[in-house]
Colleague: 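Supplied in structure tokens, the structure appears directly below.
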Amino acid sequence: MRTSSLRWGFVIALAGLVLIIVGLAPGHPTVARAATLALPTPGPGAMSIYTVSNSSSAVLNVEHVFTDNSGFTYSFWDQIGPGATTTYHVSNMAQIPEPFNGTLNLYGNQPFSSQIVGYDYPGSPTPALPTPTATVTPIPSSLTVTATRIPSASPTSTATPRAVLTATPTAGTATIRYVQSVLGYTGNMVSSQSVTFPGAVASGDLVVVAISSWNGSNNATVSSITDNFGNTYTKALDEPSPATGSSQPLSIWYAANVVGGSNFTVTASLANAGALSVAAHEYSGAATSNVVDQLAQQSGADTTATSGATAATTQANDLLFGATTYTDGANLTATAGSGFTLRQNETDNSCCTVLYTEDGLGAGTSPYAATFGFPQLVNYHAAIVAFRAASATSNATPTATTEPTSTSSPLPTRTPTQAATNTPISGGAPPRYVQSALSSTGSNVASRAVTFSSAVTSGDLVVVAVASYNGNNTATVGAVTDNFGNVYTKATGDPSPETDGPQPLSIWYATNVVGGSNFTVTVKLQSAGSLTVAIHEYAEAATSSVVDQTAHANGRGTVASSGPAATTSANDLLFAATTHWDSTNTSATAGAGFTLRRSLANNTTAAALFTEDQPVTTTGTYAGTFKYAHTANYRAAVIAFRSR
């Protein structure tokens, strides 16, 4: 369960300017519904708690807009996974003496519910919970911004019309359309399998091919896809990746803007002989180049196979193509996920190689997942590829309209209202925390491995914090690797060089990773020592040039600080870590605005290590800080990671 905090000290800092945002900022999925909670915020140092539950099978993008009884408004975005619940703490960090009775408006793109779950009033009895009020109503999908400023001198306004040029984009109308599909399979050990479409394939169309294969050596992987018209096929993904690492791999291939004709035959060839199933699909209206928008894949065990969520699509009318296979020896039917249509299926995994495909159309620029329902638990591989449509957005010719401009004359008690234009918000949301894990040993070892509890999504950012120790001050990190072959880079370390002091701290990262299940990170030392490793997965990070700024420092005190890092990009993720080299069991809490992710406090059993993170939405100078329970000799570091 993820936990977020709203800190009223930040809200109060906005005194004099109220922004009320209705609808959705550019770059977020279209908002579909709203819920309202009356949520009192208590007095100094106290907090209120509320939850939001995602009752759908897709990722929920939700905007929280909080307005207190003084009219100040604060908002932020969050994502909640399918069927998940997130708890939020609204804290009065500004030590304001009077309570604030706020109205919380939640806007999301999937069905959800919200509820007040508790209050915490330090030093006084906890009041009885009121009956939560939650309503779900449609809201407009357009963005409206209204600004009200309360100046020290209050003028009245007169208006003079002025010409303003505005341009409204016009969206194309083309939509990707399913044309036909065909399935071929064999339970015999073969080197290839061919399928022929029942009707002629139109030139310029998109052909998508899903394949599942198997042999006893787990090396029946697809080496190529060809057809009798000489088109070139590209592999969008395979699951698991690399496909040689597990039985019965699943892969999706495609050819855009094909040369078509009658008796169009697609052939899948294997690197080593095996049983295989091949499903080929034709679609019209797809882009003729740069056709793949987003993709996702994962493996698991459940009655619902899911690909995991893609990153938000960049185009609203994508084709969503999903496929799945399972490794159990069973003959099972499957149902398509919500919003999808089942296209092909080979159900018997005892005689042959099971394969199911489905498709649907995107309704907006949003994350999507492909799901399949089974009558019993299966061990599955699943994947989704979002293909772009050929349509694009064209710019309309600017037209002249009029808008008033204001001149002022002072009056003692009058408050003006100023209309703000609809200005796009630049940049995407900050990278989002997904999961983390920690492993440690007090023995002198050459390496330490730690595995995420859930599958890692391809394209995500993995951040690794390491603290190590031996009596010679030589237990420095030699390399960080994982079982998917991703390359890790050291962002920063303290001290620098790390051999200059005891118990060094370092932070490493790999962005745009190849992901999958049982994702294991291994840290190797130059010389054997005790070792603590904390790994973290974040979504929506930049896939290249991801590091914005770094800072590191060491010292002694009850507050460990990385020192300042001045960011150059808005919507960064701040990741911080600290270690102390005192032989004590000293706990630590996260700094203001940060969430503590991993902690090992006892420096007598292993190397102490604490990690935290915080998303920020403006450029500024930031530091990673930790509050220790006792005075400690510390090292600390912070990395600012850019968003996509």
Side-chain angles (χ1 to χ4, degrees), residues 436 438-445 448 450 463-478 480 490-509 523-536 549-565 574-614 621-640:
S436 60
L438 181 143
S439 181
S440 66
T441 177
S443 303
N444 281 351
V445 296
R448 189 71 176 176
V450 55
V463 183
V464 184
V466 187
S468 52
Y469 166 82
N470 68 18
N472 299 319
N473 294 342
T474 57
T476 55
V477 177
V480 178
K490 184 170 75 172
T492 190
D494 191 86
S496 183
E498 294 171 25
T499 54
D500 283 354
Q503 201 154 313
L505 171 74
S506 61
I507 301 175
W508 301 66
Y509 69 93
V523 174
K524 298 178 181 179
L525 297 178
Q526 299 277 17
S527 301
S530 65
L531 179 60
T532 301
V533 180
I535 60 176
H536 311 73
Q549 298 294 326
T550 70
H552 65 91
N554 57 72
R556 178 173 174 81
T558 58
V559 175
S561 175
S562 66
L574 305 178
F575 177 91
T578 188
T579 186
H580 67 81
W581 63 88
D582 304 275
S583 297
T584 59
N585 187 352
T586 301
S587 60
T589 56
F594 284 85
T595 299
L596 195 69
R597 294 303 182 190
R598 288 290 160 179
S599 67
L600 179 69
N602 195 339
N603 209 49
T604 61
T605 59
L609 181 63
F610 305 86
T611 65
E612 65 183 11
D613 59 36
Q614 177 185 187
T621 300
Y622 300 96
T625 61
F626 298 80
K627 174 69 173 178
Y628 279 114
H630 307 287
T631 299
N633 293 285
Y634 69 81
R635 305 189 188 286
V638 66
I639 317 293

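Note that the structure is predicted; figures quoted are calculated from it, not measured. Index from 1, following the sequence.
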Colleague: Tell me whether R635 contacts the main-chain N or O of Q503 through its side chain, where contact means a donor paired with an acceptor under 3.5 Å.
Modeller: yes
Colleague: Roughly how far, to the nearest 0.5 Å, is CG of N554 from OG1 of T578?
Modeller: 10.0 Å
Colleague: Which label fits F610 and F626: parallel for a plane angle under 30°, tilted from 30 to 60°, or perpendicular past 60°?
Modeller: tilted
Colleague: Testing the basics here: between A623 and G563, what is the closest heavy-atom pair and its distance to 0.1 Å?
Modeller: CB-O, 3.4 Å
Colleague: For R598, does its backbone N or O pair with a side-chain atom of T611 as donor and acceptor, under 3.5 Å?
Modeller: yes
Colleague: Do side-chain atoms of N633 reach the backbone of W581 as a donor and acceptor pair under 3.5 angstrom?
Modeller: no
Colleague: Check the side chains of S436 and R597 for a donor-acceptor pair under 3.5 angstrom, ignoring hydrogens and angles.
Modeller: no
Colleague: Find out whether T631 and T586 are in side-chain contact, i.e. whether some heavy atom of one side chain is under 4.5 Å from a heavy atom of the other.
Modeller: no
Colleague: Compare every heavy atom of S530 with every heavy atom of N444, then report the nearest pair and how far apart it is.
Modeller: OD1-N, 3.5 Å
Colleague: Can you see which heavy atom on T476 is nearest to which on P504, and at what distance?
Modeller: CG2-CG, 4.2 Å
Colleague: Nearest 0.5 angstrom please: E612 CD to F575 CZ, how far?
Modeller: 9.0 Å
Colleague: Where the side chain of S562 meets the backbone of G624, is there a donor-acceptor pair that is under 3.5 Å apart?
Modeller: yes
Colleague: Return yes if some donor-acceptor pair links the side-chain N/O of T441 with the main-chain N/O of S443 below 3.5 Å, else return no.
Modeller: yes
Colleague: Between L505 and L609, does a side chain to side chain contact (heavy atoms under 4.5 Å, CB included) hold up when you go through it step by step?
Modeller: CA-CA 9 Å; L505 171 74; L609 181 63; 3.7 Å; yes
Colleague: Once you round to the nearest 0.5 Å, how far does OG of S587 lie from CG of L600?
Modeller: 12.0 Å
Colleague: Assess the residue pair I507 and V463 against the criterion (side chain to side chain contact (heavy atoms under 4.5 Å, CB included)); give the C-alpha distance rounded to whole Å, side-chain angles, the decisive distance to 0.1 Å, and a yes or no.
Modeller: CA-CA 7 Å; I507 301 175; V463 183; 3.8 Å; yes
Colleague: Do Y469 and T579 get their side chains close enough for a donor-acceptor pair, meaning under 3.5 Å?
Modeller: no
Colleague: Nearest 0.5 Å please: distance from the OG1 atom of T621 over to the CD atom of Q549.
Modeller: 9.0 Å
Colleague: Distance check, rounded to the nearest 0.5 Å: L531 atom CG versus L525 atom CG?
Modeller: 5.0 Å
Colleague: Taking the side chain as every heavy atom from C-beta outward, state whether W508 and V477 have any atom pair closer than 4.5 Å.
Modeller: yes
Colleague: Would you say I639 and Y509 make side-chain contact, with heavy atoms under 4.5 Å?
Modeller: no
Colleague: Locate the shortest heavy-atom distance separating G557 from Y628; write the atom from each residue and the value.
Modeller: O-CD1, 4.5 Å
Colleague: Looking at NZ of K490 and OG1 of T550, how far apart are the two atoms once the value is rounded to the nearest 0.5 Å?
Modeller: 11.0 Å
Colleague: Please name the pair of heavy atoms, one in Q526 and one in T474, separated by the smallest distance, quoted to 0.1 Å.
Modeller: CB-O, 4.1 Å
Colleague: For P564 and A551, work out which heavy atoms get closest and say how close.
Modeller: O-CB, 3.4 Å
Colleague: Using modelled atom types and a 3.5 Å cut-off, is there a donor and acceptor pairing between side-chain atoms of R448 and backbone atoms of T532?
Modeller: no
